[in-house]
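Here the structure is laid out as structure tokens; the discussion comes afterwards.
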Number of protein chains: 2
Amino acid sequence: MTLEEVAKRARVSTATVSRVLNNLEVVKESTRRRVLQAVEELNYHPNLHARTLAGGKSRTIGMIVSNVSNPFFVDVFRGLDAAARERQYDVLVEHTDYKVPQLLESVRTMLGKRVAGLALIVSEMAPEVIAEIQSSELPTVVYDVGAPGPKITNLRVRYETGMQRIVQYLYSLGHRRMAFVGHHAGLSPLQVRKKVFLQTVKQYGREVECKTALNADSPAGGVEAVRELLQSPFRPTAVVCVNDYMAVGVLRELRAQGLSVPGDVSVTGFDNIEISEFTNPALTTVNIPRAAIGQMALDALLREDGAAGPREIMLDPELVLRDSTGPAPR
Amino acid sequence: MTLEEVAKRARVSTATVSRVLNNLEVVKESTRRRVLQAVEELNYHPNLHARTLAGGKSRTIGMIVSNVSNPFFVDVFRGLDAAARERQYDVLVEHTDYKVPQLLESVRTMLGKRVAGLALIVSEMAPEVIAEIQSSELPTVVYDVGAPGPKITNLRVRYETGMQRIVQYLYSLGHRRMAFVGHHAGLSPLQVRKKVFLQTVKQYGREVECKTALNADSPAGGVEAVRELLQSPFRPTAVVCVNDYMAVGVLRELRAQGLSVPGDVSVTGFDNIEISEFTNPALTTVNIPRAAIGQMALDALLREDGAAGPREIMLDPELVLRDSTGPAPR
DNA sequence: TTGAAAGCGCTACCAC
DNA sequence: GTGGTAGCGCTTTCAA
């Protein structure tokens, strides 16, 4: 089914059919009607590839995330998607499972699809990837990992601030033995998170002891991390998790080990994903405005090139106090 | 950056570049090398739209889901995606938020993108949509809602069986007052679920009372449903939820209302999504093989047309006993 | 083993 | 208002 067949049936030229389909208001109402009828009768659907090719521009935004199973990424996607729809764009998602080769492949696919913009909401990064997007001249927004370039906007959350707030809060509750549960030792943004935790703790001097455990980015990973933690004689009174998704597993395993939260151990998350409010006990965490990030990413991608707005956007996360934290046991 | 520029730089024709890029093994090693070098140097990425247009076939599978925030759908997506990658296909996802107009639009987008196959994992459906996919001749697999057609495979879970198992189990624990928490009263597959519950309960005679409450497909919807339920004098000893995602909110709100689970009230879910294992208490549910569904969907889509395999695939769900159910209080 | 050229289905420019 | 037509970047015969 092609434009030409429609044109034939409506007894007009392909140019006219194209005009009708694109709402170029220079078509006589009667012919317009005839065209639309033909379209209807033939059950015609314009070939979007041909359209993109001929028009030279695509109306899709690419988005690459590390882990579709972590609700954090889904929320950002929804924000981006909603904003994109408003402007008649659609969003193409790929996921990498935190693997650089997959990331590189996804970026190439996006480039091949000639997306109008690319949002990289990932924790992994590599020089090749940066080189690829830089030389592509594609408007890009990078969350968290950071990358330099004229067409690249960096969107970041002041992770240190969030961590600072968490540790300070726990300290004020009397906690002096803390543990950090994270994931993916190999990825620098995630190592940074761990380091930030360690440094923050260090501010409080030698009196605070700590330990870290890393596992997969999932509730199951949280479970494993707790098991690892409790294998040593070290007994933390607070477990600080790199994100809420892992914290869900941490809560579960602490309970399974007979520890009560927050009675024996306090637990904190990060992100403020939907379920963090529904865990038992509800999770104390740090809010990251996920939908807003999606929204801002779109704005950055679609803004006129002339507009020399900020190429670096910083967000300050806020503490969300709930029931998984309490005074340190004595 | 185009094929032609690459061809020029490598001093060959575009045809040859194309051959190299598609691994058509008839190119001399030396020229092949020259071409690849040019590709590299120019940072060339083939235009996938042009490729699809010229080749006449696409290597992407479309998938439409109702609610990306419900992990059930994400799990099916992962299954499909993994299977697709193995065969060098990629997956394009759209979501509808349970709205028929959005579904129709998404289907049209997929048709416009000339996807090689379409997986509809949705709970909403309408005659127009069915007509659209039927007349498109596109290989399609439909989960749950069902649709007739020569190129359409129906994939369904025997919902009645699962519900039967749940109710019977609760009955055997002594429960005689049950409530059903569901969502989207307007969508027939979801009404069916509710009806199945009511009918199943009816099998146990007049001695079992019940009540239903519907709200959004989310934990928050579960919370609201419980509030609605408890506004009446009816006091269920068991709450049967249409899915795990809502059950998370149900667990939360029962607790908030001072009821203990399973002490005062037993709760069941459906789907066996990842977090159902990590709630407190862990959720008794019914397993739906989500990843396998994605896998089967792909197989159905890519199978040779000649292969007259089953056009209807039925899955029998199994009960997963955990800690959110217990004897009815007396 | 390679090149020339005819499309693939559409948009957009130029005429009429 | 409408039609003719030259591409968009690629694949794929057909010849050489």
Side-chain angles (χ1 to χ4, degrees), chain A residues 1-39 42-60 88 108-116 136-138, chain B residues 1-36 38-39 42-60 88 108-116 136 138:
Chain A
M1 194 54 36
T2 71
L3 247 204
E4 195 165 346
E5 302 180 56
V6 176
K8 206 163 288 170
R9 185 172 243 271
R11 308 174 147 282
V12 295
S13 71
T14 59
T16 296
V17 177
S18 176
R19 287 182 188 111
V20 171
L21 261 32
N22 292 289
N23 287 312
L24 303 189
E25 299 293 345
V26 278
V27 187
K28 207 201 297 177
E29 189 53 28
S30 64
T31 58
R32 170 190 201 68
R33 221 185 291 291
R34 239 182 322 134
V35 170
L36 289 177
Q37 188 179 344
V39 165
L42 294 175
N43 199 255
Y44 167 75
H45 296 276
N47 184 319
L48 265 22
H49 301 292
R51 216 213 270 285
T52 304
L53 185 57
K57 52 211 161 198
S58 137
R59 291 197 77 82
T60 94
Q88 324 266 47
R108 293 197 168 131
T109 301
M110 295 295 185
L111 258 23
K113 295 205 174 172
R114 298 297 188 266
V115 294
S136 74
E137 305 258 286
L138 178 67
Chain B
M1 193 55 35
T2 72
L3 247 203
E4 193 165 347
E5 303 179 55
V6 176
K8 206 162 290 169
R9 185 172 245 270
R11 307 176 148 280
V12 294
S13 72
T14 61
T16 297
V17 178
S18 176
R19 288 183 186 111
V20 172
L21 259 33
N22 292 288
N23 287 312
L24 302 191
E25 300 292 345
V26 278
V27 188
K28 206 201 299 177
E29 189 52 30
S30 63
T31 59
R32 169 190 202 71
R33 220 187 293 288
R34 233 173 338 126
V35 170
L36 289 178
V39 164
L42 295 175
N43 199 255
Y44 167 75
H45 297 276
N47 184 320
L48 263 24
H49 300 292
R51 183 176 279 186
T52 304
L53 185 58
K57 53 212 160 196
S58 135
R59 291 196 78 83
T60 94
Q88 325 265 48
R108 294 198 168 129
T109 302
M110 295 295 185
L111 259 22
K113 295 205 175 174
R114 299 295 188 270
V115 293
S136 74
L138 178 68

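By convention in this document, chain letters (A, B, ...) are assigned in the order of the sequence lines, proteins followed by strands, and residues within each chain are numbered from 1. Computed from a predicted model, the values in this text were never measured in an experiment.
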Item to check | C:dT2 OP1/OP2 closer than 4.0 Å to side-chain N/O of B:Thr31 | outcome: yes

Checklist entry - Closest to the A:Tyr44 side chain: D:dG9, C:dG9, D:dT11? => result C:dG9

Next on the checklist: So for B:Arg19 and C:dG3, does any side-chain atom that can act as donor or acceptor lie under 3.5 Å from a complementary atom in the base?
Outcome noted: yes

Checklist outcome for this item: One should read off an interatomic distance between A:Leu111 CG and B:Asn47 CG, to the nearest 0.5 angstrom, of 11.0 Å

Item to check | Touch class at under 4.0 angstrom, heavy-atom based, for B:Thr2 against every strand present | outcome: sugar-phosphate

Checklist entry - So does B:Lys57 get a side-chain nitrogen or oxygen closer than 4.0 Å to the phosphate oxygens (OP1/OP2) of D:dC10? => result no

Checklist entry - Rounded to the nearest 0.5 Å, how far does NE2 of A:His45 lie from CZ of B:Arg108? => result 6.0 Å

Next on the checklist: Using OP1 and OP2 only, check whether a side-chain N or O of B:Asn22 sits under 4.0 Å from D:dT11.
Outcome noted: yes

Checklist entry - Can you tell which of D:dC10, C:dG3, C:dC10 lies closest to the side chain of B:Ser13? => result C:dG3

Checklist entry - Mapping A:Ala50 and B:Ala15 onto DNA chain D by nearest heavy atom, which one lands closer to the 5' end? => result A:Ala50

Checklist entry - Just to confirm, is there a sub-4.0 Å distance from OP1 or OP2 of D:dG3 to any side-chain nitrogen or oxygen of A:Lys28? => result no

Checklist entry - Counting just side-chain N and O atoms, does B:Ser18 come under 4.0 Å of either OP1 or OP2 of D:dT11? => result yes

Item to check | Selected nucleotide, minimal atom distance to A:Thr16 side chain, candidates D:dG3, D:dT11, D:dC14 | outcome: D:dG3

Item to check | Given C:dT11, C:dC8, C:dT2, the nucleotide with the shortest approach to the side chain of A:Leu3 | outcome: C:dT11

Checklist entry - A:Glu29 and A:Arg33: salt bridge (Lys or Arg N to Asp or Glu O under 4.0 Å), yes or no, with the steps? => result CA-CA 6 Å; A:Glu29 189 53 28; A:Arg33 221 185 291 291; 3.5 Å; yes

